[in-house]
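All values derive from a computational prediction rather than experimental measurement.
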Amino acid sequence: MRVLVTGGAGFIGSHVVEALSQHGHEPVVYDVRSGPGSDVRDPVAVRRALAGVDAVCHQAAMVGLGTGFTDAAEYVSRNDLGTAVLLSAMAEAGVRRLVLAGSMVVYGEGRYRCEGHGVVRPGPRTVADLDAGRFEPRCPVCGAGLEPGLIGEDAPADPRNVYATTKLAQEHLAAAWARATGGTAVSLRYHNVYGPGMPRDTPYAGVASFFRSALARDEAPRVFEDGGQRRDFVHVRDVASANVAALESTSRDGALTVYNTGSGEPHTVGEMARALAAAYGGPEPVVTGEYRLGDVRHITADSARLRTELGWQPRVEFEAGMREFARSGMRRQQP
C-alpha cells in the first residue's frame, strides 16, 4: 500500500514510516517539520498529498498537557480541525482506510474496584486533596480506598484535560467519516510511548521525555505526587508495528474500531524514573509531591483485543527498553 503518514517526521511517525517500509509498503511523509505547505489544516496541500494514496496513518497531533488552558485553541485547531480537514479530503479523494493515533487519555481515570461497591468510577481529584498529598482516588459511594485494575475499550470515555478532549473528538470525527463513506477506521489508543527520538526539553511530551531530558542536563528526574501513579510504558517500535498490523487488518467497513495499545506490564512512574536513571548512570530521582491538575492517578488498559484480533505482540521488555532509551538520542524540537 501507498500510505500517507501525517506527522511522519515526528517521534512516533518516523518509526511508523520505518516499519511500513520494512513491511513492503510505500510510506509518504506529510509533516509540518518538512517545511511550509505541509500543515494538515491546509485543505489544498492535503488534497495534493492524497494523490495516489491507498491509506492514511494519522499521527500528526499536538500532544501532552502543555503549559495550561491557554493552549486550548491551539490543541483544538491542530488536533480536531486538522483531522476534520484530512477526513474531508479523504472523502473527496476516495481514500477509504484510516489508522488514527488515539490515546488512553480518553478514559480519564482507569478502572477501580471498591471492596464494598464493586467497579466504580471516581470523579476528578480535588485541589484540596492534591494539596494535602491525598493522591489516591476514593470510592465515590463510601469513601473507601480503591484497587486499580485494567480498563477495556468498552469503558465510557471521561477526558479530563484539553488534550484528552481533542483526542476523543478525533475518534468521533473518524467514526462519522467511516459511516458516511463506508471507510475503515482504526484508532490505536496509545499508552505512554517512549523510545529513541523522543523530543527533549519541551512541555509537550510525556513523562519519560521529562525524565530523560533532566538526565541529559545532569539533573535528577523530578517525580510528581508520590511516584505511585500506575502507567503502561510501551516502546515506540511496538507502537509502530501496531500501526502496520492495523493497516493490514480486515477491520469493519463503515465503523471505527478501537484498540488499547500497551505493553501489558504496568509500572509506577517512580519505578520508571529509577530504572531510567540507573540505566543512564545519572542522579537518583527526587519525589517532589507536586502535581499537575488534569493528570490522572492510575491508567493502565487491557490490550488483549489488539493481540487477539490483529495478532500483534509487543516485543520490547521494560528493562531492555529503558536501557536503550537511556543511551539513545533525543530530538530538540516539539513533537
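- Comment: Asp226 engages Arg297 in a salt bridge, judged by a side-chain N to carboxylate O separation of less than 4.0 angstrom.
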Could you go through the side chain to side chain contact (heavy atoms under 4.5 Å, CB included) check for Val17 and Val29 one step at a time? CA-CA 8 Å; Val17 166; Val29 174; 3.8 Å; yes
For Arg41 and Ser77, run side-chain hydrogen bond (donor to acceptor under 3.5 Å, both in side chains): C-alpha distance rounded to whole Å, both residues' side-chain angles, the deciding distance at 0.1 Å, then the answer. CA-CA 8 Å; Arg41 294 168 292 186; Ser77 176; 2.7 Å; yes
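- Counting all heavy atoms, side chain and backbone alike, Met330 lies closest to Pro199 at CE-O, 3.3 Å.
- There is no path of hydrophobic side-chain contacts, each under 4.5 Å, that joins Leu150 to Tyr112.
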Please assess Tyr190 against Asp232 for the test side-chain hydrogen bond (donor to acceptor under 3.5 Å, both in side chains), listing each intermediate value before the final yes or no. CA-CA 9 Å; Tyr190 300 161; Asp232 184 326; over 6 Å; no
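- Atom CE of Met272 is separated from atom CZ of Arg230 by 15.0 Å, given to the nearest 0.5 angstrom.
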Trace of the side chain to side chain contact (heavy atoms under 4.5 Å, CB included) decision for Met90 with Arg96: CA-CA 7 Å; Met90 289 174 64; Arg96 295 292 183 261; 5.6 Å; no
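- For the pair His15 (side chain) and Ala240 (backbone), a donor-acceptor distance under 3.5 Å is absent.
- Minimum heavy-atom separation, Gly64 to Tyr163: O-CB, 3.3 Å.
- Using a cutoff of 4.0 Å between basic side-chain nitrogens and carboxylate oxygens, Arg111 and Glu147 are not scored as salt-bridged.
- Side-chain polar atoms of Glu248 and His23 form no donor-acceptor pair below 3.5 angstrom.
- Glu153 has no carboxylate O lying under 4.0 Å from a charged side-chain N of Arg189, or vice versa, which leaves the two without a salt bridge.
- Of the N and O atoms on the side chains of Thr300 and Arg231, not one donor lies less than 3.5 Å from an acceptor on the other residue.
- Residues Ala164 and Asn161 come closest through the heavy atom pair N-OD1, 2.8 Å.
- For His235, the ring pair (Phe, Tyr, Trp, His ring centres under 6.0 Å) partners two or more places apart in sequence, or in a different chain, are Tyr194.
- When every heavy atom of Thr165 is checked against every heavy atom of Pro159, the shortest pair comes out as N-CB, 3.7 Å.
- Ser14 and Arg331 form a side-chain donor-acceptor contact under 3.5 Å, judged by distance and modelled atom types alone.
- Side-chain polar atoms of Gln59 and Asn243 form a donor-acceptor pair below 3.5 angstrom.
- For Ser303 against Gly262, the heavy-atom pair with the smallest separation is OG-N, 3.0 Å.
- Using modelled atom types, one finds a donor on one side chain and an acceptor on the other under 3.5 Å when comparing His58 with Thr83.
- The residues Arg222 and Glu290 are annotated as salt-bridged, a charged nitrogen and a carboxylate oxygen being separated by less than 4.0 angstrom.
- Not counting sequence neighbours, the partners of Phe318 by the ring pair (Phe, Tyr, Trp, His ring centres under 6.0 Å) test are His267.
- Electrostatic pairing of Arg217 and Asp201 counts as a salt bridge here, judged by a charged N lying under 4.0 Å from a carboxylate O.
- Hydrophobic clustering (side-chain heavy atoms under 4.5 Å, transitive across Ile, Leu, Val, Met, Phe, Trp, Tyr) keeps Phe224 apart from Leu130.
- Between Pro27 and Leu20, the closest heavy-atom pair is CB-CD1, 4.1 Å.
- By the neighbour-count criterion of 12 heavy atoms within 6.0 Å, atom CD of Glu74 is densely surrounded, having more than that number from other residues, nucleotides or ligands.
- Donor-acceptor pairing under 3.5 Å is recorded for the side chains of Thr184 and Asp253.
- Val56 and Ile12 fall into different hydrophobic clusters, where Ile, Leu, Val, Met, Phe, Trp and Tyr side chains are chained together by heavy-atom contacts under 4.5 Å.
- Counting only residues at least two apart or in different chains, salt bridge (charged side-chain N to carboxylate O under 4.0 Å, His left out) contacts with residues 255-272 are absent.
- For CG of Asp131, the number of neighbouring non-hydrogen atoms (other residues, nucleotides, ligands) closer than 6.0 Å is greater than 12.
- Tyr30 and Asp39 form no side-chain donor-acceptor contact under 3.5 Å, judged by distance and modelled atom types alone.
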